[in-house]
Protein chains: 2
Amino acid sequence: MDSYDEKILRMLMANARATWSDLASSIGLSSPAAADRVRRLEEKGIIKGYGVAVDPELVGYFCTAFVAVTLERAELRSDFLHLIDCLKEVQECHHIAGDYDYLLKVRCINTKDLDRVISSGLKSLPGIRTRTTIVLNTLKESTRLPLDQVHPEKGE
Amino acid sequence: MDSYDEKILRMLMANARATWSDLASSIGLSSPAAADRVRRLEEKGIIKGYGVAVDPELVGYFCTAFVAVTLERAELRSDFLHLIDCLKEVQECHHIAGDYDYLLKVRCINTKDLDRVISSGLKSLPGIRTRTTIVLNTLKESTRLPLDQVHPEKGE
DNA sequence: TATGAAATGGATTGGCC
DNA sequence: GGCCAATCCATTTCATA
């Protein structure tokens, strides 16, 4: 992870479909060298994959919500994690400190669809307690890391 | 937005660096047709961009938190939104229903860095109240939309 | 690990349906 | 809107440092 790698990550964060030659010239290396570095970043697991940012509303997803979850019995944990894995509407699942155990980010078609995910999906487990926070409007949503301070000793 | 476009989005969500010919053959079109469709999806705003998924911990970001924010006076709103825009550590900002006004997702180097973002960043505004929830572990984090039910009438 | 040149293969353009 | 064919350009490989 030197400054070339940082530039590569920054470039790919801005446009993952950039050609190797664009990538290479923008960071000041030859194409083979840039491609080699990207392959190594992939092998190290620093680059986990490439994706596309789709406007959720333009494809019919009008409802975003955060669902805080508490499991009333510890035995539920593995069932819960499996359920989360299967529910495509659950985009994120974080184990959190505080009053609740997990925080989920859920993306649905509308509130009726959210009801389905919560009532037929999550609540299909017994001893699960939820608190849902509806998102009224999303003002910022970036998958980019700050990348101001990359720790070089990591990822080697 | 017909079934070809849906397949394109699904393919790009899985690997945005796929070549045109891979993309084309996987959806059953010729390369120029596939490239045309992607260009149209970009023009319509359905595709907002392409990105790379970087492992946060492997580049030194060990702390994720959700910060709920309440603004005590409505006049703060524009200053707050400008601040959010500038703070690179704030990856997401959602206007929410409920006890708090906004929910932020924040990605930092460590808890000390989180303290800096909250104390010197957010709290630099007067009348702002926050409640921070630390993420202990992230079990799922995908930027993919479910895309099970694309509304064809939208995005035309 | 980087470079440069050669060979390969994919992307783009234009004509046509 | 899509296909095919031809041109053009990017990627990959290999030899070298």
Side-chain angles (χ1 to χ4, degrees), chain A residues 1-55 57-60 145 147 149-156, chain B residues 1-55 57-60 144-145 147-156:
Chain A
M1 281 295 301
D2 57 10
S3 83
Y4 285 130
D5 287 342
E6 286 183 46
K7 283 181 191 165
I8 287 173
L9 292 182
R10 258 185 261 273
M11 177 83 179
L12 289 175
M13 284 195 283
N15 177 19
R17 279 191 71 80
T19 61
W20 293 118
S21 46
D22 282 352
L23 227 175
S25 63
S26 85
I27 64 174
L29 282 177
S30 62
S31 295
D36 267 8
R37 277 175 176 271
V38 169
R39 193 182 34 72
R40 271 176 256 137
L41 288 169
E42 289 168 351
E43 279 166 2
K44 285 185 205 162
I46 292 175
I47 289 179
K48 296 196 291 180
Y50 305 94
V52 63
V54 174
D55 188 314
E57 303 208 341
L58 289 183
V59 291
L145 291 171
L147 272 192
Q149 226 175 308
V150 173
H151 288 192
E153 72 276 14
K154 298 291 160 190
E156 296 293 308
Chain B
M1 281 295 301
D2 57 11
S3 82
Y4 284 129
D5 286 343
E6 285 183 46
K7 283 180 189 166
I8 287 173
L9 291 182
R10 256 184 263 272
M11 177 84 180
L12 289 175
M13 283 193 284
N15 177 20
R17 280 191 70 81
T19 61
W20 292 118
S21 47
D22 283 351
L23 228 175
S25 63
S26 86
I27 63 174
L29 282 177
S30 62
S31 294
D36 267 8
R37 277 176 175 270
V38 170
R39 194 181 30 72
R40 270 176 256 138
L41 288 169
E42 289 169 351
E43 279 166 2
K44 285 185 206 163
I46 293 175
I47 290 178
K48 295 197 291 183
Y50 306 94
V52 62
V54 174
D55 188 313
E57 303 208 342
L58 291 182
V59 291
R144 297 189 177 99
L145 291 172
L147 270 193
D148 267 346
Q149 226 174 310
V150 173
H151 288 193
E153 71 277 13
K154 298 290 160 191
E156 297 294 307

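Chain A is the first sequence line, chain B the second, and so forth, proteins listed ahead of strands; every chain is numbered from 1. Reckoned from all heavy atoms, side chains included, excluding hydrogens, waters and symmetry mates. Because the structure is a prediction, the values reported are computed rather than measured.
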- Note on the structure: With B for base contact, S for sugar-phosphate-only contact and - for none (protein heavy atoms under 4.0 Å), nucleotides 11-17 of chain C reads SBB----
- Task: Return the set of residues passing side chain to side chain contact (heavy atoms under 4.5 Å, CB included) with A/Ala53 (not counting sequence neighbours), or none when no residue passes.
- Result: B/Lys48
- Message: Could you work out, with salt bridge (Lys or Arg N to Asp or Glu O under 4.0 Å) as the rule, every residue matching B/Arg17, not counting sequence neighbours?
- Response: none
- Message: Taking side chain to side chain contact (heavy atoms under 4.5 Å, CB included) as the definition, give me every residue that meets it alongside A/Ser30, ordered by chain and number, with sequence neighbours left out.
- Response: A/Pro32, A/Ala33
- Can you check the A/Lys7 NZ to C/dA2 P distance for me, whole Å? 13 Å
- Spacing of CD1 belonging to A/Ile8 relative to CG belonging to A/Asp5, to within rounding of 0.5 Å: 5.0 Å
- Residues two or more places apart in sequence or in another chain: which of them pass side chain to side chain contact (heavy atoms under 4.5 Å, CB included) with B/Ala35? B/Trp20
- Who pairs with B/Asp22 by side-chain hydrogen bond (donor to acceptor under 3.5 Å, both in side chains), at least two apart in sequence or on another chain? B/Thr19
- Residues in side-chain hydrogen bond (donor to acceptor under 3.5 Å, both in side chains) with A/Asp36, at least two apart? A/Arg39
- Message: Within the 4.0 Å heavy-atom criterion, would you say A/Arg40 contacts the bases, only the backbone, or no part of the nucleic acid?
- Response: sugar-phosphate
- Item | CD on B/Glu43 to CZ on B/Arg40, rounded to 0.5 Å | 8.5 Å
- Item | Rounded to 10 degrees, the angle between the two terminal axes of the helix from C/dT1-D/dA17 to C/dC17-D/dG1, each from five pairs | 30°
- Can you tell me the distance, in whole Å, between the NZ atom of A/Lys44 and the P atom of C/dT1? 7 Å
- Could you tell me the separation between the CG atom of A/Asp2 and the P atom of C/dT1, rounded to a whole number of Å? 8 Å
